[in-house]
Protein chains: 2
Amino acid sequence: MVDTSERLQRATPGAGPRARASRSAADRVLATLRAEIVDGTLTPGTPLTEAQQAERLGVSRTPVREALARLIADGLVEERGPRTLLVSSINPDDVVALFELRTTLDEQAARLAARRATHDDRAEFRALAARFGSVTVEFLRDDDTSRHGYYALVAAFDAAIDTALGGRSTYLAAAIESVRLHLARVRRLARDDDARLLTAAAEHRAIADAIADGDPERAVAATRLHLHNALTSIQSHLTSHDRQENP
Amino acid sequence: MVDTSERLQRATPGAGPRARASRSAADRVLATLRAEIVDGTLTPGTPLTEAQQAERLGVSRTPVREALARLIADGLVEERGPRTLLVSSINPDDVVALFELRTTLDEQAARLAARRATHDDRAEFRALAARFGSVTVEFLRDDDTSRHGYYALVAAFDAAIDTALGGRSTYLAAAIESVRLHLARVRRLARDDDARLLTAAAEHRAIADAIADGDPERAVAATRLHLHNALTSIQSHLTSHDRQENP
DNA sequence: CATTCCTCTACTGTATACATTGTTCGCTAC
DNA sequence: GTAGCGAACAATGTATACAGTAGAGGAATG
């Protein structure tokens, strides 16, 4: 049992330029648990009890309870029986189901982004395409920080998609955001190798170029290609490592 | 201010064959508020305070708070400022955004349902097609109950889709379920006329037939047609009545 | 030795009390 | 008369107390 008695930093509204920590304890607990589940600190199947998490995080059960309810709604925590909560599991079938939804949503997002992108949006995608193009073996030298840099680039791409969608696709954007959360977990489960990352960068570049050119169908096709390859890569990792978390 | 002092029926585990009410007060509050928002009892823009709802529903603030958190996550309640919750509004742009997502998801669902439907599933869709085919002007005689009957038929169709998807599309099914919730609100906002309902029944029948025949592309096309017409109909209602709920 | 029943523990669900903060209304000063 | 400030109020956010129940563990019996 992990007993790193790390308390949550209390929000200090008086000091500093708007303290980093979120305003409410419930928000901080939510952010903490979500991050721990996504990055694997809390492994799938781990039981979560309110009292235990409350003590660990230095708050009462109330904000923990609120955070857990949101995590259940998000699908990161699941109920087994009427009395126990577990960090939700991810098995290969879940990955397939996730990509099934992701493909649908991302293709639509790419199509709309290519259609709606403003002049500034297109410039942004041009710049992103260049950055994806500059991803080389050299770029991926260090195992941890540069991978982080690559995923930061992907995050920038995602943000650019959101911007290009504008305020007109709130429902689509919300659904995609949910998918991204689960996708981050899957990434941890099946770490991409360098070769895959280089290919993925090229694929992302193709999508960015298509959107920058305002070519919806090319954007869709490039997205489909990317997601197909991504799923294939993940599946090969999962089967080879036979990594299946509990049912 | 509505002061119908109707308390929530307390769960009575001792009496009857597993009492109707959900097990926890929080669940009951959630179900009640959700239903009231969807059916328009709580109109868009209505402020929701914990204490007020707690008193109205005969429970303490705790379960109300939990229910409100879920409703915010579902998008039925939105925060205005740091201190006030409102029943979320629906304007015509939201309807377009909702259908944008709905089209994407329902097309994919129709495709997969047509692909995966078992023998029993197809029989069910055959039966549904027949029932949609039997929807006539006669069927829609009474304004309230028969409309309800029609929407029950649509609900059965939705359930059949879920069944045909099987357990393999959990993420897609969850996303669709969320869309259906918001769609129910939109239906209340723009009530279909009899003519539209008859057309919609025919469109549904075409989708059901395509799935029963195991023809994915026809199912997709029929779905697209149905959703396009549905949106067009709703939009004409919204613009003609100039029904816009607050920003 | 396995199985069933009983008890005890521990966790959830709900209520309530308390602290904190945003908001509003009224007062005062200009 | 208007604008700015202050105090009371109201609603949220958190902690804690209490009741009910599921689940585990042990004892007794087949």
Side-chain angles (χ1 to χ4, degrees), chain A residues 1 3 7-16 18-33 42 45-73 77-88 246, chain B residues 1 3 7-16 18-19 21-33 42 45-73 77-88:
Chain A
M1 191 149 301
D3 188 19
R7 305 291 153 145
L8 286 179
Q9 198 177 17
R10 161 144 275 156
T12 54
R18 213 48 173 156
R20 182 66 50 86
S22 317
R23 60 187 189 287
S24 78
D27 286 343
R28 277 174 282 146
V29 171
L30 176 63
T32 302
L33 289 179
L42 291 171
T46 303
L48 296 173
T49 67
E50 295 174 5
Q52 183 178 320
Q53 296 305 316
E55 192 193 8
R56 182 170 76 94
L57 300 173
V59 296
S60 80
R61 276 178 52 210
T62 308
V64 171
R65 186 179 177 77
E66 194 166 326
L68 289 175
R70 296 249 356 226
L71 290 170
I72 292 172
V77 169
E78 55 190 18
E79 312 184 58
R80 185 192 53 178
R83 218 83 174 178
T84 43
L85 298 182
L86 304 177
V87 175
S88 66
N246 65 336
Chain B
M1 195 146 299
D3 189 19
R7 304 291 151 144
L8 285 180
Q9 197 177 18
R10 162 143 275 156
T12 54
R18 211 52 173 155
S22 318
R23 58 187 190 289
S24 78
D27 286 342
R28 276 174 284 147
V29 171
L30 175 62
T32 302
L33 290 178
L42 291 172
T46 304
L48 296 173
T49 67
E50 295 174 5
Q52 184 177 318
Q53 296 304 317
E55 191 193 9
R56 182 171 77 93
L57 301 173
V59 295
S60 80
R61 277 178 53 212
T62 308
V64 171
R65 186 178 177 77
E66 193 166 325
L68 289 175
R70 296 251 353 230
L71 289 170
I72 293 172
V77 169
E78 54 189 20
E79 312 184 58
R80 184 191 54 179
R83 217 83 173 179
T84 43
L85 299 181
L86 304 177
V87 176
S88 66

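Each chain gets a letter, A, B and so on, in the order the sequences are listed, and its residues count up from 1.
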For nucleotides 9-11 of chain D, tabulate all protein N/O to nucleotide N/O atom pairs closer than 3.5 Å, reporting atom names and distance.
{"from": "dA11(D)", "atom 1": "N3", "to": "Arg83(B)", "atom 2": "NH2", "distance (Å)": "3.4"}

Length of the line joining [X]:[atom1] and [N]:[atom2], which is rounded to integer Å:
X	N	atom1	atom2	result
Arg61(B)	dA19(C)	CZ	P	15 Å
Asp27(B)	dT14(C)	CG	C1'	13 Å
Glu79(B)	dG13(D)	CD	C1'	13 Å
Leu57(A)	dA15(D)	CG	P	11 Å

Reported [atom1]-to-[atom2] distance for the pair [X] and [Y], which is rounded to 0.5 angstrom:
X	Y	atom1	atom2	value
Leu68(B)	Leu33(B)	CG	CG	6.0 Å
Arg70(A)	Ile72(B)	CZ	CD1	8.0 Å
Leu48(A)	Leu71(A)	CG	CG	8.0 Å
Leu86(A)	Leu42(A)	CG	CG	11.5 Å

Among all residues two or more places apart in sequence or in another chain, which pass the salt bridge (charged side-chain N to carboxylate O under 4.0 Å, His left out) test with Arg61(A)?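 So Arg61(A) forms a salt bridge (charged side-chain N to carboxylate O under 4.0 Å, His left out) with Glu50(A).
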
Nearest heavy-atom pair of Ala25(B) and Pro63(B): which atoms, and what distance? C-CB, 4.1 Å

Any Arg65(A) side-chain heavy atom under 4.5 Å of Glu66(B) side chain: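 Side chain of Arg65(A) against side chain of Glu66(B), heavy atoms only: contact under 4.5 Å found.
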
Is there side-chain contact between Thr49(B) and Leu85(B), with heavy atoms separated by less than 4.5 Å? no

Among residues 62-72 of chain B, which residues get a heavy atom nearer than 4.0 Å to DNA chain C? Thr62(B), Pro63(B)

Between Ser60(A) and Thr84(A), who's closer to the 5' end of DNA chain D by nearest nucleotide?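 Taking each residue's closest nucleotide, the earlier one in sequence belongs to Ser60(A).
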
Thr84(A): which residues meet the side-chain hydrogen bond (donor to acceptor under 3.5 Å, both in side chains) condition with it, sequence neighbours left out? none

Could you list all the salt bridge (charged side-chain N to carboxylate O under 4.0 Å, His left out) pairs where at least one residue sits in residues 79-88 of chain A, not counting sequence neighbours? none

Tell me if the side-chain of Arg23(B) makes a donor-acceptor pair with the base of dG13(C), cut-off 3.5 Å, by modelled atom types. no

How bent is the helix from dC1(C)-dG30(D) to dC30(C)-dG1(D), comparing axes over its five end pairs at each side, to the nearest 10°? 10°

Which nucleotide wins on minimum distance to the side chain of Val59(A), given the candidates dT14(D), dA15(C), dA15(D)?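 Out of dT14(D), dA15(C), dA15(D), the nucleotide with an atom closest to Val59(A)'s side chain is dA15(D).
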
